[in-house]
Amino acid sequence: MSVCTLTIDGKDVAIEAGATLLDAAKEAGIEIPRLCYLEGLSSVGACRLCMVELAGTNKLFPACVTAVAEGMEVRTQSPKLQNYRRMTVELLFAEGNHVCAVCVANGNCELQDVAIAVGMDHSRFTYQFPTRSIDISHPKFGIDRNRCILCTRCVRVCDEIEGAHVWDVANRGENCEIVAGLDRPWGEVSACTSCGKCVDACPTGSIFRKGETTGEKARDREKLEFLAQARQQHEWVR
Amino acid sequence: MTKIRFATVWLAGCSGCHMSFLDLDEWLLELAQHVDVVYSPVGSDIKEYPDNVDVCWVEGGVANEDNLELIHQVRAKTKLLVSFGDCAVTANVPGMRNMLGGVEPVLKRAYLELGDVTPQLPDEPGIVPPLLDQVRPVHEIVNVDLFIPGCPPSADRIKATLEPLLRGEMPQMVGREMIKFG
Ligand code: SF4
Ligand code: SF4
Ligand code: SF4
């Protein structure tokens with residue numbers, strides 16, 4: 001196994017070749033904000049929060065899908081990155097309908113957490129108030145697309161860990177949405193095993209257990225950890 | 001020491017932010033040493049928004065013609081305008097009517113479809129202010145100088161924001177202690 005040495009925010013890190021910048025940052029104890037990344041799932045670089053700077057180029061790179069290379073000099077914090085990250089989070093709030101006060105995930109939401117991390121006290125972008133749908137046809141769970149940030153964690157966890165592939169991304173631009181069973185009511189999709197992995201993987205209050213009310217969505221942390229290791233350990237049930 | 005001319009206004013919100021303000025309890029007495037309450041639904045009985053206000057805390061989004069007129073007056077006559085609570089900062093729960101698409105469907109839904117006794121549309125020109133097409137956050141209408149999200153912001157956070165203001169400093173809205181939506 002060959003090893004790469006690089007610096008992240010001035011810290012020396014040694015890590016095996018093939019690792020990502022996010023892995024390396026974790027190794028160095030440096031926190032990079034992200035929303036679509038979930039350990040144990042494939043990485044897609046969708047949320048653009050983990051963008052970092054590399055010495056020698058003006059381009060920004062998503063840390064979750066950029067491989068380490070020998071001698072890299074990585075910066076995870078700069079006024080430019082902080083500004084972009086805050087704008088990214090503001091856009092997420094402005095393009096959906098996030099009414100935290102009446103949300104199942106209030107106080108336990110990764111989107112709220114990154115808002116605090118990037119110092120967002122309001123959105124400078126005009127709120128869109130889009131018309132989005134809610135599907136509560138499943139006997140145990142519901143999806144409220146008003147709160148969906150299109151991170152695709154549900155799509156990946158259901159496909160890659162549960163092997164059921166219930167979810168897909170439909171349409172484009174502002175009409176983009178997560179659909180079950182090629183756009184059918186979730187409750188009618190026989191591929192769904194009702195395992196609940198998508199509920200725990202969802203960083204927001206979009207996918208939830210029925211019967212939970214404001215602030216009650218407890219993310220099962222142990223289950224998330226299980227999800228993270230399931231693939232390597234070939235565990236399909238807990 | 002001249003006192004700070006202090007105001008609060010209540011637009012489209014539930015008054016919960018003002019109630020949270022009153023949760024400052026005995027610290028309100030301390031606050032009263034430093035400020036003159038020149039306009040406030042909970043702290044004065046003055047009907048016209050006065051001139052030369054130093055600080056105004058605004059609860060609620062901008063939902064109707066009255067809100068719109070008042071917020072423009074507030075901006076014109078106030079040095080430091082504070083967007084106070086989620087309804088002011090994001091439109092929040094009142095803003096959920098925006099998803100119904102305009103005034104007509106909103107009034108029909110609320111007063112006809114859901115009206116269980118004598119369903120009728122409210123119609124008192126000059127008394128009931130007409131709704132705006134959408135509820136908007138305050139900063140989309142006028143410039144805002146400081147944001148305190150939260151539904152409602154806790155009395156502790158209100159105090160932590162007021163204290164630097166009383167010293168003539170801008171509070172730093174950073175971290176979990178100062179930023180909270182919902
Ligand atoms: S998912 Fe819920 S708690 Fe999280 S930001 Fe959206 S509305 Fe707020
Ligand atoms: S409950 Fe399990 S099988 Fe059903 S959609 Fe969610 S992850 Fe897929
Ligand atoms: S439903 Fe949840 S997990 Fe799925 S894309 Fe939306 S925010 Fe992500």
Side-chain angles (χ1 to χ4, degrees), chain A residues 31 33 77 79 82-83 85-86 89-134 144-149 174 203-205 212-217, chain B residues 13-14 16-17 20 58 60-62 81-102 105-106 132-141 143-154 157 161 170-182:
Chain A
E31 189 62 28
Q77 301 291 336
Q82 276 155 353
N83 182 34
R85 283 187 191 135
R86 179 170 165 175
V89 179
E90 288 176 25
L91 283 165
L92 288 173
F93 273 91
E95 76 169 0
N97 294 310
H98 293 276
V99 189
C100 296
V102 291
C103 177
V104 285
N106 190 13
N108 190 20
C109 169
E110 292 179 41
L111 182 58
Q112 286 182 328
D113 292 344
V114 294
I116 293 164
V118 303
M120 178 195 129
D121 56 9
H122 73 290
S123 174
R124 288 164 291 181
F125 298 100
T126 308
Y127 284 90
Q128 299 301 304
F129 299 107
T131 306
R132 299 221 189 139
S133 62
I134 299 174
D144 182 344
R145 296 183 177 88
N146 290 292
R147 305 166 185 152
C148 177
I149 55 168
E174 62 176 347
T204 69
E212 286 170 338
T213 176
T214 302
E216 285 186 356
K217 177 171 174 175
Chain B
C14 71
C17 293
S20 201
V58 180
V62 181
L81 195 161
V82 182
S83 198
F84 176 33
D86 278 354
C87 294
V89 177
T90 75
N92 201 26
V93 173
M96 291 174 81
R97 79 158 160 92
N98 297 356
M99 278 85 93
L100 287 179
V106 168
L132 300 177
D133 205 41
Q134 289 198 322
V135 185
R136 304 304 311 187
V138 172
H139 67 274
E140 289 186 13
I141 309 289
N143 248 340
V144 166
D145 304 298
L146 186 66
F147 296 85
I148 312 174
C151 185
S154 68
R157 208 141 52 84
T161 310
M170 270 307 252
Q172 293 305 309
M173 307 312 275
V174 287
R176 207 166 278 276
E177 289 72 43
M178 296 309 278
I179 301 178
K180 159 122 183 50
F181 289 87

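The sequence lines fix the lettering, A, B, ..., with proteins before strands; numbering per chain opens at 1. Computed from heavy atoms alone, side chains included, the values below leave out hydrogens, waters and symmetry copies.
- The minimum heavy-atom distance between Phe129(A) and Thr90(B), with the atom names listed, is CZ-O, 4.1 Å.
- Within the 4.5 angstrom heavy-atom criterion, atoms from both the backbone and the side chain of Thr126(A) approach chain B.
- Between the Arg132(A) side chain and the Met99(B) main chain, no donor and acceptor come within less than 3.5 Å of each other.
- Residues meeting the ring pair (Phe, Tyr, Trp, His ring centres under 6.0 Å) test with His122(A), sequence neighbours left out: His139(B), Phe147(B).
- Remark: Gln172(B) CD is loosely packed, at most 12 non-hydrogen atoms of other residues, nucleotides or ligands lying under 6.0 Å away.
- Ranking Thr131(A), Asn146(A), Asn97(A) against chain B, the residue ahead of the rest is Asn97(A), based on heavy-atom pairs under 4.5 Å.
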With a cut-off of 3.5 Å and sequence neighbours excluded, list every side-chain donor-acceptor pair involving residues 175-182 of chain B.
residue   : atom : partner   : partner atom : Å
Arg176(B) : NH2  : Asp113(A) : OD1          : 3.2
Lys180(B) : NZ   : Gly182(B) : O            : 3.3

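- Of all the heavy atoms in Asp121(A) and Val89(B), the pair that sits closest is O-CG1, 3.5 Å.
- The shortest side-chain heavy-atom distance between Val93(B) and Val102(A) falls under the 4.5 Å cut-off.
- For a residue to count as touching a neighbouring chain, one of its non-hydrogen atoms must lie under 4.5 Å from one of that chain's; by this rule Pro137(B) touches chain A with the side chain only.
- Only the backbone of Val135(B) has a heavy atom closer than 4.5 Å to any heavy atom of chain A.
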